[in-house]
Q: 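This is the structure, below, for whatever I ask next.
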Amino acid sequence: MIALNVTGLKKSFGKTEVLKGIDFSVNKGEVLVILGSSGGGKTTLLRCLNFLEIPQEGTISVNGETIFDASDKKEISEDKIKKNRLHFGLVFQQFNLFPQYNVLRNVTLAPSLLKKGSDEEIEKKAKELIKKVGLSDKENNYPCELSGGQQQRVAIARALAMDPDILCFDEPTSALDPELTGEVLRVIKSLKNNNMTMIIVTHEIDFAREIADKVIFVDNGIILEEGTSDILDNPVHERTKSFLASFSEK
């Protein structure tokens, strides 16, 4: 079953066209890895999927339902945007935890505000998710008391607390020291084992090779190449080859 289908997605900022017609699909339980150079449109694509930006053209469908169609010229309402966002969880580069709340409250806050169960049910689920990311002993700690890797794991638990259909990661290890990267990647791998549908923007090529069911290479606002993780070892397009070669040289 197709979890996400994107067609003809275009996004401009002023006269700068950042996405120039993006088409792809992700099946339920698949992991899609998005690669590309900085400024190529990867983060804008994620922001459009999460309705932090509104595309000027294209459609977005989740589980067979079209949740966005730019050809409908009626302005999308704030309520509709909020509803659409519930299909997606987004884990940012910089964690974006609430510094004034402890770990447990960071994870329960959004479900509580949206009344996704009783207080007891929400707290029970939050504790299960915190345990899942290996931080049961940190429930009462505040973000400033955690390492970067621990903060990112809390951010993952927080995103999962909303039961998204698709979990998106925007370079989840880019703000971490190399020694902390592994703990976050292990959590993401465990989610794959639980058939979570995920879209991951990353520069961790070895990790991408290990986890990806599908890979797309985005360059200058278009998808230059797509396929299975095999394209990481056998790219066809010269631009993809030079991008991947830059990592092997490091």
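Bear in mind the structure is a predicted one, so any value in this text is a computation, not a measurement.
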Q: Consider only side-chain heavy atoms of I, L, V, M, F, W and Y, link residues closer than 4.5 Å, and tell whether L9 and I54 are in one cluster.
A: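 Yes; tracing contacts between hydrophobic side chains, which count when under 4.5 Å, links both residues.
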Q: Hey, are the side chains of F88 and V62 touching, using non-hydrogen atoms and a 4.5 Å cut-off?
A: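 Answer yes - side chains close enough.
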Q: Examine distances only and state if a side-chain atom of H203 and a backbone atom of G36 form a donor-acceptor pair shorter than 3.5 Å.
A: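 Looks like yes, one N/O pair under 3.5 Å.
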Q: Please give me the minimum heavy-atom distance between R153 and G134, naming the atom from each residue.
A: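 Between these two residues, the closest heavy atoms are NH1-O, 3.6 Å.
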Q: Could you measure the distance from the CD1 atom of I188 to the CD1 atom of I200? Nearest 0.5 Å is fine.
A: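 It comes to 5.0 Å.
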Q: For K127 and V107, run side-chain contact (heavy atoms from CB on, under 4.5 Å): C-alpha distance rounded to whole Å, both residues' side-chain angles, the deciding distance at 0.1 Å, then the answer.
A: CA-CA 9 Å; K127 290 188 173 198; V107 178; over 6 Å; no
Q: CD1/I34 to CD1/I22 distance, rounded to the nearest 0.5 angstrom?
A: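 Spacing of CD1 (I34) from CD1 (I22) equals 8.5 Å.
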Q: Do the non-hydrogen side-chain atoms of L224 and F243 ever get within less than 4.5 Å of each other?
A: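 When only atoms from C-beta onward are counted, F243 and L224 do not touch, as no gap falls below 4.5 Å.
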Q: Is it the case that atom NZ in K80 sees more than 12 heavy atoms from other parts of the structure closer than 6.0 Å?
A: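 Enclosed: over 12 neighbouring heavy atoms sit under 6.0 Å from NZ of K80.
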Q: Ignoring hydrogens, what is the shortest heavy-atom contact between G29 and D213? Give both atom names and the distance.
A: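 Closest heavy-atom pair between G29 and D213: O-OD2, 4.1 Å.
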Q: Side-chain contact, heavy-atom cut-off 4.5 Å: K192 with K189?
A: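 Sidechains of K189 and K192: no contact.
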Q: Looking only at atom types and distance, does a side-chain atom of K42 sit under 3.5 Å from a main-chain N or O of S37, one as donor and one as acceptor?
A: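 Judged by distance alone, yes, a pair lies under 3.5 Å.
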Q: Does atom CD (E128) have a neighbourhood of more than 12 heavy atoms from anything else shown, all under 6.0 Å?
A: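 Yes - once you tally the heavy atoms of other residues, nucleotides and ligands closer than 6.0 Å, there are more than 12.
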Q: Roughly how far apart are D137 CG and K131 NZ, rounded to 0.5 Å?
A: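 Separation between the atoms: 12.5 Å.
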Q: Please say yes or no: joined through hydrophobic side-chain contacts below 4.5 Å, possibly via intermediate residues, are L90 and I67 part of one cluster?
A: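 Per the 4.5 Å side-chain linkage, L90 and I67 are co-clustered.
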Q: Does any non-hydrogen side-chain atom of I76 lie less than 4.5 Å from one of N84?
A: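 Counting from C-beta outward, N84 and I76 do come under 4.5 Å.
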Q: Assess whether salt bridge (charged side-chain N to carboxylate O under 4.0 Å, His left out) is satisfied between D163 and K125, documenting all intermediate values.
A: CA-CA 11 Å; D163 290 320; K125 180 177 179 180; 2.3 Å; yes
Q: For E179, does its backbone N or O pair with a side-chain atom of D177 as donor and acceptor, under 3.5 Å?
A: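 Flag not set: sc D177 to bb E179 has no pair under 3.5 Å.
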Q: Taking the side chain as every heavy atom from C-beta outward, state whether N194 and M196 have any atom pair closer than 4.5 Å.
A: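 N194 vs M196: side chains apart.
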Q: Starting at CG of L104, measure out to CD1 of I122 and round the result to the nearest 0.5 Å.
A: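 Between L104 CG and I122 CD1, I get 11.0 Å after rounding to 0.5 Å.
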Q: Could you go step by step and tell me if F95 and Q150 meet the side-chain contact (heavy atoms from CB on, under 4.5 Å) rule?
A: CA-CA 10 Å; F95 326 135; Q150 290 169 336; over 6 Å; no
Q: Go through D233 and R209 one step at a time and tell me if the side-chain contact (heavy atoms from CB on, under 4.5 Å) criterion holds.
A: CA-CA 9 Å; D233 297 307; R209 187 179 286 109; 3.1 Å; yes
Q: Answer yes or no: are there more than 12 heavy-atom neighbours, outside Q100 itself, under 6.0 Å from its atom CD?
A: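 Correct, the count exceeds 12.
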Q: Do E225 and R239 make a side-chain contact, defined as non-hydrogen atoms from C-beta onward lying under 4.5 Å apart?
A: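 Contact flag for E225/R239 side chains = no.
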Q: Measure the OG1-CZ distance between T181 and R186 for me, rounded to the nearest 0.5 Å.
A: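 Separation between the atoms: 10.0 Å.
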Q: If you compare all heavy atoms of P164 against all heavy atoms of A159, which two are closest, and at what distance to 0.1 Å?
A: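 Closest heavy-atom pair between P164 and A159: CD-O, 3.3 Å.
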Q: If you group Ile, Leu, Val, Met, Phe, Trp and Tyr by side-chain heavy-atom gaps below 4.5 Å, do I166 and F169 land in one group?
A: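 Different hydrophobic clusters.
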Q: Do the side chain of Q152 and the main chain of G149 share a donor and acceptor less than 3.5 angstrom apart?
A: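 Such a contact is absent between Q152 side chain and G149 backbone.
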Q: Please verify the inter-ring angle class for F51 with F68; under 30° counts as parallel, over 60° as perpendicular, anything in between as tilted.
A: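 The arrangement is perpendicular - the two ring planes meet at more than 60°.
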Q: Measure across D23 and G8 and return the closest heavy-atom pair with its distance rounded to 0.1 Å.
A: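 Scanning both residues completely, I find the closest heavy atoms to be OD2-N, 2.9 Å.
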Q: Give the cluster check for L167 versus F92: same hydrophobic cluster or not, with ILVMFWY residues linked at side-chain heavy-atom distances below 4.5 Å.
A: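 No, L167 and F92 fall in different hydrophobic clusters.
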Q: For the backbone of S25 and the side chain of K214, can you confirm whether one donor and one acceptor N or O come within less than 3.5 Å of each other?
A: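 Between the backbone of S25 and the side chain of K214 there is a qualifying donor-acceptor contact (under 3.5 Å).
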Q: Are any of the side-chain heavy atoms of L114 and M162 separated by less than 4.5 Å?
A: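 Result yes, sub-4.5 Å side-chain heavy-atom pair found.
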Q: Applying side chain to side chain donor-acceptor pair (under 3.5 Å) between T59 and each of N5, T7, D69, report the one that passes.
A: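 So the option named by the test is T7.
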Q: From L32 CG over to N27 CG, what is the distance, rounded to the nearest 0.5 angstrom?
A: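 Atom-to-atom, L32:CG and N27:CG are 10.5 Å apart.
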Q: Please evaluate residues L191 and L160 with respect to the criterion side-chain contact (heavy atoms from CB on, under 4.5 Å), reporting the C-alpha separation (whole Å), side-chain torsions for both, the decisive distance (0.1 Å), and the verdict.
A: CA-CA 10 Å; L191 297 177; L160 290 170; 3.7 Å; yes
Q: Considering non-hydrogen atoms only, spot the tightest contact between I231 and L244 and give its length.
A: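 Scanning both residues completely, I find the closest heavy atoms to be O-CD1, 3.7 Å.
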Q: For the hydrophobic clusters of this structure (ILVMFWY residues joined by side-chain heavy atoms under 4.5 Å, transitively), does one cluster hold both I199 and I211?
A: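 Not linked; separate clusters.
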Q: Can you give me the closest heavy-atom contact between V236 and K241, atom names plus distance?
A: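 It is O-CE, 3.6 Å.
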Q: Quick check against the 3.5 Å criterion: does Q56 have a side-chain atom that pairs as donor or acceptor with the backbone of S12?
A: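 Such a contact is found between Q56 side chain and S12 backbone.
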Q: Can a salt bridge be assigned to the pair R47 and D170 using a cut-off of 4.0 Å between side-chain N and carboxylate O?
A: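 Not counted as a salt bridge, because no side-chain N and carboxylate O are separated by less than 4.0 Å.
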Q: Going by atom types alone, do K20 and N220 pair a side-chain donor with an acceptor below 3.5 Å?
A: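 Side chains of K20 and N220: pair found under 3.5 Å.
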Q: Do the non-hydrogen side-chain atoms of L35 and L232 ever get within less than 4.5 Å of each other?
A: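 Counting from C-beta outward, L35 and L232 do come under 4.5 Å.
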Q: Using atom types as modelled and distance alone, determine if a side-chain donor or acceptor of N50 lies under 3.5 Å from a backbone N or O of L52.
A: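 Pair absent, no side-chain N/O of N50 close to backbone of L52.
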